[in-house]
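Accompanying notes for the structure given below.
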Amino acid sequence: MCAIVGYVGHRPARDIVVNALRRMEYRGYDSSGVALLDGHGGLTVRRRAGRLANLEMALDETVGDVLAGSTGLGHTRWASHGRPTDRNAHPHRDASGKFAVVHNGIIENFASLRAQLEVAGVEFASDTDSEVAVHLVAQAYRSGATVGDFEGSVLSVLRRLEGHFTLVFAFADEPGTIVAARRSTPLVVGVGDGEMFIGSDVAAFIEYTREAVELGQDQAVVITADEYRIYDFAGNRADGHARPFYIDWDLSAAEKGGYDYFMLKEIAEQPSAVADTLLGHFDDNRIVLDEQRLSDQELREIDKVFVVACGTAYHSGLLAKYAIEHWTRLPVEVELASEFRYRDPVLDRSTLVIAISQSGETADTLEAVRHAKTQKAKVLAICNTNGSQIPREADAVLYTRAGPEIGVASTKTFLAQITASYLVGLALAQARGTKYPDEVAREYRELEAMPDQIERVLVGVDSVSALAKRFALSSAVLFVGRHVGYPVALEGALKLKELAYMHAEGFAAGELKHGPIALIEGDLPVIIVMPSPKSAVTLHAKLLSNIREIQARGAVTIVIAEEGDDTVAPYADHLIEIPAVSTLFQPLLAVIPMQVFAAGVAQARGYDVDKPRNLAKSVTVE
Ligand code: M6R
């Protein structure tokens, strides 16, 4: 939800930290702040509510050389405890102003810790849970077993904290050292030459180094310019448990590359997101999921599948259900991860739980995974972020290879998630023998052809941008689909809600007559996903009737239909054509005009497409 960064090295920390915040602002943008150490016992904090630009202005207005050091911390916030104001922005300091902390996550026992500190005379300067951490460290440094020991003080405090957190501490009297720690929220170390970095993700330092180390659960790290040392919270060295890795994408992947918004670039990257996700997964006429770690025997023993996910990832899960049930005849339930563990789902050793998450950090999905594991179910994560918490805790993982997604609205990762879950469906069908090898190969070949089809849709979406301008002032938009078109309608509505702050709803077309049709009135735009006339003729005919009903009530119909589907033209006020593909693959194409429409309406309304209000890219609170 928030982004944290830390730097110790030989360059101006201010530039490094602000650059890192700019690259990670998508993780939270309610406020931002930095703490810079001048190397002579001084620690200067600047923090501002609102976008990073406000902080940059405050830094520019600072006179003198207090911002000139080469050690610093930074933070961008998605507010959880305390309103997004200057005083609640991070970093927080102790009363002496010598210690500073930035925090991502929630300290669940902060209320009792705060009460203890207040009894001891500590005055709080914010409403956040985070501030307790810095006062506790200052207290531990000044008295007791860890007196005068910065690292030891931090470790002793970590042992008292409950919840999930990434914390990064700096101390003005030890300007060449930063101490950081993580529990259930991300933290990576960037290993440079004579400089070390800490970041919520590698975007914090990709400009300077591609060598990184990922910390394990309940680990702390001490960085200086020349080394990093990893500890467990008991203070034992734990370097062997951290995972060094090489970042295999470069700076250009984290930059806009000429597009006005990351989201527009990411929409354009969808062909390669799908192609790269497929890469290496079909060999010798078989689906190969080498990272998956579940044997064919284990796949054969599965008798039920659950998919757990949130938001867009949940919509990809709904599509996975159609494919997996069709190809394997296994029953599949799709559940919002935030609801899953509260209703006592029936799980056992022969249940496969597929957890879909772009970030691999979503707290709701992580808790669903943990619940599934307590019930002995097998958990397979479909994830876009290498080594993040959900794949670490799952029994098996299949990575989507969509590359970094910076726009808060998921686009290319949605297509990559559908692709990956279809691969899982085909692997299950292959292992269980519910499809002949040539049938599996045929489905795979069609999946493999999708990047070219997606490219064709992208070439033709200019007309959608024009429609977006035309309907930008509408008060609402409805999205309607049947069968696999229904999750696409839900996703289209989610995109419009989150980006354009417009009332939008997705409906199963057959449900309209059971209530929602009452919403339809003159000039209301309704976006309809039309199934192929070749795939399910009855479905096609039924949807045509639904469109007539919508049109008869005065709505404006915008129909996404297969090229050459002449039957639909008379009922479409606006027709958006997409290439003809098999039913299960149509969502990979039909959603694209909806993404472009939502981005276009948001732009026409003057909103920030990459950073919609109240949202953040990864949601690490429940
Ligand atoms: O990182 P995750 O895929 O687990 O995130 C889940 C949802 O928060 C996410 O899909 C969200 O709905 C989208 N960013 C919306 O576009």
Side-chain angles (χ1 to χ4, degrees), residues 1 3 26-29 78 184-186 200-201 261-264 266-267 270 273 277 307-320 334-340 353-369 379 381-394 397-400 402-421 479 487-488 490-501 504 506 591-592 594-599 602 607-622:
M1 302 301 284
Y26 65 93
R27 297 179 65 92
Y29 34 84
W78 183 85
S184 296
T185 51
S200 293
D201 68 46
Y261 288 101
F262 280 108
M263 181 185 175
L264 304 180
E266 287 156 5
I267 289 173
Q270 294 187 109
T277 297
V307 183
V308 290
C310 305
T312 294
Y314 170 75
H315 297 151
S316 74
L318 292 174
L319 291 164
V334 190
E335 184 107 13
L336 288 168
S338 52
E339 291 293 319
F340 183 66
V353 174
I354 303 176
I356 307 180
S357 174
Q358 183 284 129
S359 60
E361 291 175 31
T362 302
D364 291 319
T365 312
L366 179 60
E367 290 306 328
V369 165
V379 178
I382 291 180
C383 184
N384 197 47
T385 311
N386 210 291
S388 52
Q389 196 64 19
I390 290 171
R392 288 166 83 105
E393 297 199 18
V397 57
L398 177 59
Y399 282 110
T400 49
E405 190 174 67
I406 312 283
V408 163
S410 304
T411 51
K412 61 177 178 172
T413 56
F414 178 60
L415 268 67
Q417 285 163 349
I418 301 170
T419 305
S421 50
F479 293 78
V488 176
L490 295 176
E491 175 61 8
L494 175 61
K495 290 282 93 85
L496 196 62
K497 278 185 257 208
E498 68 178 324
L499 294 175
Y501 322 147
V591 74
I592 296 170
M594 297 183 179
Q595 298 167 338
V596 173
F597 183 79
Y607 299 147
D608 184 336
V609 172
D610 286 334
K611 300 188 194 83
R613 70 182 180 201
N614 303 338
L615 291 172
K617 185 68 181 166
S618 58
V619 187
T620 52
V621 292
E622 274 187 86

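Counting starts at 1 for both ligands and their atoms, in listed order.
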Candidates K412, Q270, E491 - the one meeting side chain to side chain donor-acceptor pair (under 3.5 Å) with Q595
Q270
Quick test: of every protein heavy atom, which one is nearest to [atom], and how far off is it to 0.1 Å?
| atom | result |
| --- | --- |
| atom 10 (O) of ligand 1 | T312 N, 3.2 Å |
| atom 8 (O) of ligand 1 | V619 CG2, 4.1 Å |
| atom 13 (C) of ligand 1 | S410 OG, 3.2 Å |
| atom 2 (P) of ligand 1 | T362 OG1, 3.2 Å |
| atom 6 (C) of ligand 1 | C310 O, 3.4 Å |

What atoms in ligand 1 come closer than 4.0 Å to a heavy atom of [X]?
| X | answer |
| --- | --- |
| E498 | 15 (C), 16 (O) |
| A313 | 3 (O), 10 (O) |
| S359 | 1 (O), 2 (P), 4 (O) |
| S357 | 1 (O), 2 (P), 3 (O), 4 (O) |
| K495 | 16 (O) |
| Q358 | 1 (O), 2 (P), 3 (O), 4 (O) |

Can you list the steps and then say if L499 with M263 is a side-chain contact (heavy atoms from CB on, under 4.5 Å)?
CA-CA 11 Å; L499 294 175; M263 181 185 175; 3.4 Å; yes
Residue pair K495 / A409: nearest heavy atoms and the distance that separates them:
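Scanning both residues, the minimum pair turns out to be CE-CB, 3.7 Å.
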What I'd like to find out is whether the side chain of Y607 reaches to under 4.5 Å of the side chain of P612, using heavy atoms alone.
no
Side chain of [X], backbone of [Y]: donor and acceptor closer than 3.5 Å?
| X | Y | result |
| --- | --- | --- |
| Q417 | T400 | no |
| Q358 | T413 | no |
| N384 | G403 | yes |

Can you tell me how far CG of D608 sits from OH of Y29, rounded to the nearest 0.5 angstrom?
7.0 Å
Taking 4.0 Å as the limit for heavy-atom contacts, which would you say applies to V408 with ligand 1: side chain only, backbone only, both, or neither?
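V408 to ligand 1: backbone contact only, side chain stays beyond 4.0 Å.
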